Amino acid sequence: MARAGLSPVAQPRANDGKPNELDIFLEMEAAVEAALAPLVDDGTLRADALASLGPLVEPPRDPAHGELATSAALALARAARANPRELAARMAMALARDPRVASAEVAGPGFVNLRLAPAAWDDLLVAILAAGAAYGRGAPAGAVLPVNIEFVSANPTGPMHMGHCRGAVVGDALANLLAFAGHEVVREYYVNDAGAQVDVLARSAHHRYREALGEEVGEIPAGLYPGAYLQPVGAALAAEFGDRFRAAPEAEWLPLFRKRAVAAMMDLIRADLQALGIRHDIFSSEAEVLASGAPQAAEAELRARGLVYDGVLEPPRGEPSDDWAPTELPLFRSTAFGDDVDRPIRRADGSWTYFGVDLAYHRAKAARSSAMIDIWGADHSGTVRRIVGAVEALTDGRVPLDVKLVQMVRLFRAGEPVRMSKRAGDFVTLREVVDEVGPGVVRFMMLTKRPEAMLDFDFASVVEQSRENPVFYVQYAHARIRSVERRVAESGIVPVDPPPLARLDADERALVRQLAAWPRTVRMAADAHEPHRIAFFLHEVAAGFHALWNRGNDDPALRLFVPDDPGLLAARLALARATAQVLRLGLGILGVEPAEELR
RNA sequence: GCGUCCGUAGCUCAGCCGGAUAGAGCACCCGCCUUCUAAGCGGGAUGUCGCAGGUUCGAAUCCUGCCGGGCGCGCCA
């Protein structure tokens, strides 16, 4: 998969060389594998059985089951033809010799429950603080091509509406997540500036152009975009060209107006994206792909390999239609990749289908990517097979394409469904919502649910209930920590350095263990391409912190800020700082500002 | 009809490359502010994990089939 030597030099990272010692789960997994190594050596266990195992070490749900647990003995018992408990006992003995391990107990049918020495957790906390913003960050993959993530790609026919919002946020957060996990990432936007809808846009702009020239144009004709956002475009065209194209035949102005209107719409869209904190690295033009001859090249390659052939499709299912006639077309053999039927890449008149161009576009992207991710709306689910198949064919499977389908956002306004139709001009723009509730709330809302499930978004209720939005809960935890840091600074007290972490109590150590799961969460979320897991993790960390905080309400001795005990203060401050660090990193991936203060 | 996604507490949802008594928020009940920011915390109550089979030592998680809902099923984009 990696194509060494083809890419720019990878950025060095702060934790270069030793990323794993900050990931206690990876560390303990290595220890588990080491404990199992004798079984591989004596032939009891096949190495591939061990390798095929999923996560070996997990945080147990029940604290009675230790701080870390592994079910490896259960999973491997069959392959090793061993009694799981006996296997677990051998593992436990080996693990107990690890200096970091305080206890390793066999439990239940064959779990091994681990507790680490308090000093091991203390060392980890020190390491977290030393790592700072690098904590949990993946080591760079080295000289490989970037992961390409294409998202938004809204048609350039108007400003962004809420239907685009979810894919935009999920794509951006996923890009942040992958970058944090150590990948080079390219954010790309595919501008559909070649289809019939941009001709409609050009005609709509021409209408506004005549309007700007003072012509009495009346109602916007059906079939044109009625949105007022085209008025400035018409005015700009009038200012630039005067009445030169007012009565000219369409052929004289259409390409020009199309180009100007698309450029104006992309400016609108870029501004909308910026309001959400989103910036793409590359904007690729469908028209340019078309003009470049890339589709012809892709067709030639696929024909040579027998994956494009001339054939006649079955008539469409259902109602017999008048305009259908059996025609021989160049077809991509998508049925070889699990599709229902083969798909035409050109029409009867020889022009390219959307798929024909998209295929060529993905071929070009694949040449500069180690992996590709497309974020699409769920209404495009029917086209996933063909494009995944095409990419597999064109890259011989070397460049994986993951098409993530983002389900619809159903918009409500005070319980009433809001219709969204560009044609009718009545849609809720992204900007309206962002301006009212803020980008952080919008982003967090979009990330607190799996993208493949539908999301109901009640405009009014989000505005009203924003105080109860989970984003505030996380930001509040961060703000509280900042507040204590300010207080310490103002007090002039110098916390003991190094902090005597041994003084942390059991409840405080529970939070350390939560923070220890951060690198694992990043790894797993990145591997699964699921940024929402970060949002849920942050909520858990915030909950852990708030619980500690409130102990101080009942008992002042349990407060973070204990001015008469600089040692204890230092230890608690260290924990709080590490917590704030993790919250900042997580919020950074989600693209949400970590509040310094919340009043 | 076919494909795809969803179906877990009253509501909104986590958990899903199998693991030890199923979790959170909201709503409901009971407590906690002469305040390290109560936008918080503690406690209580709430579930045939859509249904039925199967695989397994073990299934909310994997497989099959149903049921219910969303989206899609053109040489559109």
Side-chain angles (χ1 to χ4, degrees), chain A residues 52-55 58 60-62 64-65 69-71 74-75 77-78 84 107-111 113 155 157 192 194-198 286 313 315-318 321 323-325 327 329-331 338-341 343-349 351-358 377-385 405 407-408 410 448-456 465-470 472-473 475-477 479-484 486-488 524 527-528 532-533 535-536 539-540 542-543 545-554 556 558-563 572 576 597-599:
Chain A
S52 68
L53 219 54
E58 300 171 327
R61 224 189 344 250
D62 185 344
H65 296 144
T70 176
S71 58
L74 285 162
R78 176 182 289 268
F111 296 98
N113 296 333
N155 285 340
T157 54
N192 296 130
Q197 86 280 1
V198 285
E286 180 186 4
L313 289 172
R317 203 173 288 251
S321 62
D323 58 350
W324 185 86
T327 314
L329 297 167
L331 302 175
D339 206 355
D340 299 332
V341 291
R343 306 289 176 173
I345 60 171
R346 277 186 279 143
R347 306 187 183 92
D349 66 2
S351 64
W352 294 92
T353 62
Y354 183 86
F355 173 57
V357 186
D358 201 26
D379 52 344
H380 292 79
S381 66
T383 65
V384 173
R385 285 267 166 75
L405 294 177
Q407 288 289 333
M408 303 196 337
R410 279 194 308 196
T448 43
K449 187 160 172 172
R450 267 153 49 247
E452 58 267 24
M454 259 195 324
L455 175 69
D456 287 350
Q465 297 176 8
S466 58
R467 295 166 77 91
E468 282 157 18
N469 193 295
F472 288 95
Y473 184 80
Q475 287 178 321
Y476 188 33
R480 278 177 154 176
I481 295 168
R482 288 306 215 193
S483 157
V484 170
R486 283 192 298 268
R487 186 170 285 257
V488 170
M524 294 180 73
D527 287 349
H532 74 274
R533 295 195 194 188
F536 284 94
H539 195 272
E540 286 170 19
F545 177 78
H546 285 309
L548 279 187
W549 179 277
N550 274 84
R551 298 189 313 169
N553 284 344
D554 301 329
L558 291 174
R559 292 182 179 174
L560 263 68
F561 184 62
V562 276
R572 289 181 178 163
E597 201 174 21
L598 231 55
R599 289 275 174 195

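Scope of the values below: all heavy atoms of this structure, side chains included, with no hydrogens, waters or symmetry mates. By convention in this document, chain letters (A, B, ...) are assigned in the order of the sequence lines, proteins followed by strands, and residues within each chain are numbered from 1. Keep in mind the model is a prediction, meaning the values are calculated, not measured.
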Near-parallel close stack of A/Y354 and B/C76 base (under 5.5 Å, under 30°): no
Sugar-phosphate, base or nothing in reach of A/R487, heavy atoms under 4.0 Å: sugar-phosphate
A/R343, nearest nucleotide to its side chain (from B/A20, B/C6, B/G74): B/G74
A/P109, nearest nucleotide to its side chain (from B/G70, B/A14, B/G19): B/G19
Base-pairing mate for B/C62 - Watson-Crick or G-U, with both contacts under 3.5 Å: B/G54
Base B/A77 paired with A/D358 side chain (donor-acceptor, <3.5 Å): no
Min side-chain heavy-atom separation A/R486-A/E597 under 4.5 Å: yes
Minimum heavy-atom distance A/P60-A/H65, with the two atoms named: CG-O, 3.4 Å
Touch class at under 4.0 angstrom, heavy-atom based, for A/A547 against every strand present: sugar-phosphate
For B/C49, the Watson-Crick or wobble partner whose two distances fall under 3.5 Å: none
Residue whose closest nucleotide on RNA chain B lies nearer the 5' end, A/V484 versus A/A543: A/V484
Sugar-phosphate only, base, or nothing, as touched by A/D379 at under 4.0 Å among non-hydrogen atoms: sugar-phosphate
Side-chain N or O of A/R551 closer than 4.0 Å to phosphate OP1/OP2 of B/G42: no
P gap between B/C5 and B/U61, integer Å: 16 Å
Touch class at under 4.0 angstrom, heavy-atom based, for A/R410 against every strand present: nothing
Heavy-atom donor-acceptor pair, A/R559 side chain to A/G552 backbone, under 3.5 Å: yes
Any A/R533 side-chain nitrogen or oxygen under 4.0 Å from OP1 or OP2 of B/A14: no
Side-chain N or O of A/R346 closer than 4.0 Å to phosphate OP1/OP2 of B/C75: no
Side chain of A/L598 - closest among B/G70, B/A39, B/C36: B/A39
Minimum side-chain heavy-atom gap A/N550-A/D554 below 4.5 Å: no
Nucleotide nearest A/L560 (side chain, heavy atoms from C-beta), chosen from B/G7, B/A77, B/C36: B/C36
d(CD, A/E540; P, B/G15) in whole Å: 10 Å
Out of B/A20, B/U4, B/C41, whichever nucleotide has its closest atom nearest the side chain of A/H546: B/C41
Partner nucleotide of B/G31 by Watson-Crick or wobble geometry (both distances under 3.5 Å): B/C41
Touch class at under 4.0 angstrom, heavy-atom based, for A/H539 against every strand present: sugar-phosphate
For B/C33, glycosidic torsion class - syn if within 90° of 0, otherwise anti: syn
Rounded distance in Å - CG (A/L558) to C1' (B/C41): 13 Å
Presence of A/Y473 side-chain N/O under 4.0 Å of B/C26 phosphate oxygens OP1/OP2: no
B/A14 pairs with, by Watson-Crick or G-U criteria that keep both distances under 3.5 Å: none
Strand partner of B/C71, provided both Watson-Crick or wobble distances fall under 3.5 Å: B/G3
Side chain of A/T383 (C-beta onward), nearest among B/A77, B/A20, B/C71: B/A77
pi-stack flag for A/H65 and B/A20, centroid dist under 5.5 Å, interplanar under 30°: yes
Distance, C1' atom - from B/A60 to B/G23, rounded to whole angstrom: 12 Å
Phosphate-side-chain proximity, A/R480 and B/A38, N/O vs OP1/OP2 below 4.0 Å: yes
Heavy-atom check, side chain of A/Q407 versus side chain of A/P451, under 4.5 Å: no
Atom pair OG1/CG of A/T383 and A/D358 - distance to nearest 0.5 Å: 7.5 Å
Nucleotide nearest A/R78 when distance is taken to its side chain, options B/G70, B/C57, B/C75: B/C57
Any A/W549 side-chain N or O less than 4.0 Å from OP1/OP2 of B/A38: yes
Proximity to the side chain of A/N550 - top-ranked nucleotide from B/U4, B/A77, B/C41: B/C41
Closest-nucleotide 5' rank along RNA chain B - winner of A/A194 and A/S483: A/S483
Sugar-phosphate only, base, or nothing, as touched by A/D349 at under 4.0 Å among non-hydrogen atoms: nothing
OP1 or OP2 of B/C75 under 4.0 Å from side-chain N/O of A/R347: no
A/S381 side chain near B/G3 phosphate (N/O to OP1/OP2, under 4.0 Å): no
Per A/D340 side chain, nearest of listed nucleotides B/C75, B/G40, B/G3: B/G3
Residue-phosphate contact under 4.0 Å: A/R385 side-chain N/O, B/U4 OP1/OP2: yes
Proximal nucleotide (of B/G19, B/A38, B/C75) relative to the A/F111 side chain: B/G19
Sugar-phosphate, base or nothing in reach of A/G552, heavy atoms under 4.0 Å: base
